[in-house]
Amino acid sequence: GFTQLPKSDFAGPSVSYAVLVTNEGGAIATNAQVQISFEDKAGGVVDSQEDYLTAVLPGTSVALGGVVIDAAGVEKMTVQVLPGDSEPLEGKQANFEVTKIKTKTQEYTGVKTTASVSSPFVKDVKDAVAVAVYRNAKGKIIGGDSTFINFIPAGGKAAVSIDSFSQMKVPAKTEVYVALSGLSLLE
């Protein structure tokens, strides 16, 4: 989902967005490509974003989110996913656990989301991606933003702070999703 945001003192109109992708299979989904287009009322493309999902563990969801700057008149968001490969899961299914999620207004503009991330993995995870997904009171996704987590210790915890400098107001609910990035796998 997305929210069209007004012009600010710092930038033109923008769009805050978030997308959830779920792996309902029994294998690790790897190297999926995601294309997100933002369109005006007539169907013209205002902007687009492209991203990769390095790995989506079985039975889990990952998120993409951010802010598109200078994007006026967005009426529709279209998401296309090109599946990549799959790898068998070796061992027990596990995923990051995110707790203590809080979102508050920042002093000058936007919102800040903080959370604690626990890792069940036996190796340190470096350069994971954390995405805040904002929902309204009816549960509809209205936006999001993301950041990298430098590292999450093996079997340990890490703190994350996701700053959104858009005109987004504090949402009714925030979820945080953590996933491996392409950089995570270079180690």
Side-chain angles (χ1 to χ4, degrees), residues 1-2 16-36 49-67 79-104 106 110-135 139 141-165 168 170-187:
F2 71 95
S16 178
Y17 73 94
V19 174
L20 290 179
V21 178
T22 301
N23 177 357
E24 296 176 349
I28 301 169
T30 61
N31 303 315
Q33 298 177 48
V34 181
Q35 188 176 69
I36 305 167
Q49 299 288 308
E50 294 184 359
D51 216 324
Y52 290 90
L53 298 173
T54 302
V56 184
L57 302 172
T60 67
S61 296
V62 297
L64 299 171
V67 176
V79 179
Q80 298 181 93
V81 178
L82 179 62
D85 302 313
S86 65
E87 295 180 15
L89 178 65
E90 296 177 11
K92 188 173 84 169
Q93 184 172 326
N95 196 20
F96 299 103
E97 180 183 5
V98 182
T99 58
K100 300 179 183 172
I101 300 168
K102 294 179 185 172
T103 300
K104 64 181 184 177
Q106 297 200 85
V111 296
K112 173 191 286 284
T113 297
T114 56
S116 179
V117 180
S118 300
S119 174
F121 302 110
V122 296
K123 292 184 178 180
D124 295 342
V125 174
K126 295 183 179 178
D127 301 309
V129 176
V131 179
V133 175
Y134 308 133
R135 293 184 183 268
I141 295 174
I142 57 171
D145 221 322
S146 63
T147 194
F148 280 94
I149 304 172
N150 286 343
F151 72 96
I152 306 167
K157 291 184 179 183
V160 64
S161 178
I162 304 167
D163 296 307
S164 179
F165 295 103
M168 182 64 71
V170 173
K173 182 179 179 186
T174 303
E175 299 163 355
V176 175
Y177 294 83
V178 177
L180 301 173
S181 73
L183 296 172
S184 302
L185 302 180
L186 292 176
E187 297 296 319

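Side chains included, hydrogens not; waters and symmetry mates left out as well; all remaining heavy atoms used. Numbers here are sequence positions counted from 1.
Legend: side chain to side chain donor-acceptor pair (under 3.5 Å) pairs involving residues 151-160, not counting sequence neighbours: none detected.
When every heavy atom of S61 is checked against every heavy atom of Y177, the shortest pair comes out as O-CD2, 3.5 Å. For L57 against A94, the heavy-atom pair with the smallest separation is CD1-O, 3.2 Å. Residues G144 and S16 approach most closely at N-OG, 3.0 Å, considering heavy atoms. Residue S118 comes nearest to P120 through the heavy atom pair O-CD, 3.9 Å, listed as atom of the first residue, atom of the second, then distance. Closest approach of V129 and S181 over heavy atoms only: CG2-CB, 3.6 Å. Of all heavy-atom pairs between A55 and V62, the closest is O-CG1, 4.4 Å.
In this structure, NZ in K102 is found 11.0 Å from OG in S116, a value given to the nearest 0.5 Å. For the atom pair OG1 (T114) and NZ (K104), the distance works out to 7.0 Å, reported to the nearest 0.5 Å. A distance of 6.5 Å separates CG in D127 from CG in N150, rounded to the nearest 0.5 Å. Separating the OG1 atom in T60 from the CD atom in E24 is a distance of 11.0 Å, to the nearest 0.5 Å. Once rounded to the nearest 0.5 Å, the distance linking CD1 of I162 with CD1 of I101 reads 8.5 Å. Rounding to the nearest 0.5 Å places CG of L64 at 5.5 Å from CD1 of I36.
Annotation: side-chain hydrogen bond (donor to acceptor under 3.5 Å, both in side chains) contacts of T103 (sequence neighbours excluded): T113, T174. The ring pair (Phe, Tyr, Trp, His ring centres under 6.0 Å) search around F121 returns F96, not counting sequence neighbours. Under the side-chain hydrogen bond (donor to acceptor under 3.5 Å, both in side chains) criterion, Q49 pairs with no residue, sequence neighbours left out. Not counting sequence neighbours, the partners of Q35 by the side-chain hydrogen bond (donor to acceptor under 3.5 Å, both in side chains) test are E50, Q80. With sequence neighbours left out, S161 forms a side-chain hydrogen bond (donor to acceptor under 3.5 Å, both in side chains) with K112.
Without hydrogens or angle criteria, S86 side chain to I28 main chain gives no donor-acceptor distance under 3.5 Å. Between the side chain of Q106 and the main chain of V111, a donor-acceptor pair closer than 3.5 Å is present. Formation of a donor-acceptor pair under 3.5 Å by the N23 side chain with backbone atoms of G59 is not found in this model.
Residues V178 and I152 form a side-chain contact, since some pair of their non-hydrogen atoms from C-beta on lies under 4.5 Å apart.
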From CA spacing to verdict: side chain to side chain contact (heavy atoms under 4.5 Å, CB included), V34, V79: CA-CA 7 Å; V34 181; V79 179; 4.0 Å; yes
Let's go through D145 and D163 carefully: what are the C-alpha distance in whole Å and the side-chain angles of both, what is the deciding distance for side chain to side chain contact (heavy atoms under 4.5 Å, CB included) to 0.1 Å, and is it a yes or a no? CA-CA 7 Å; D145 221 322; D163 296 307; over 6 Å; no
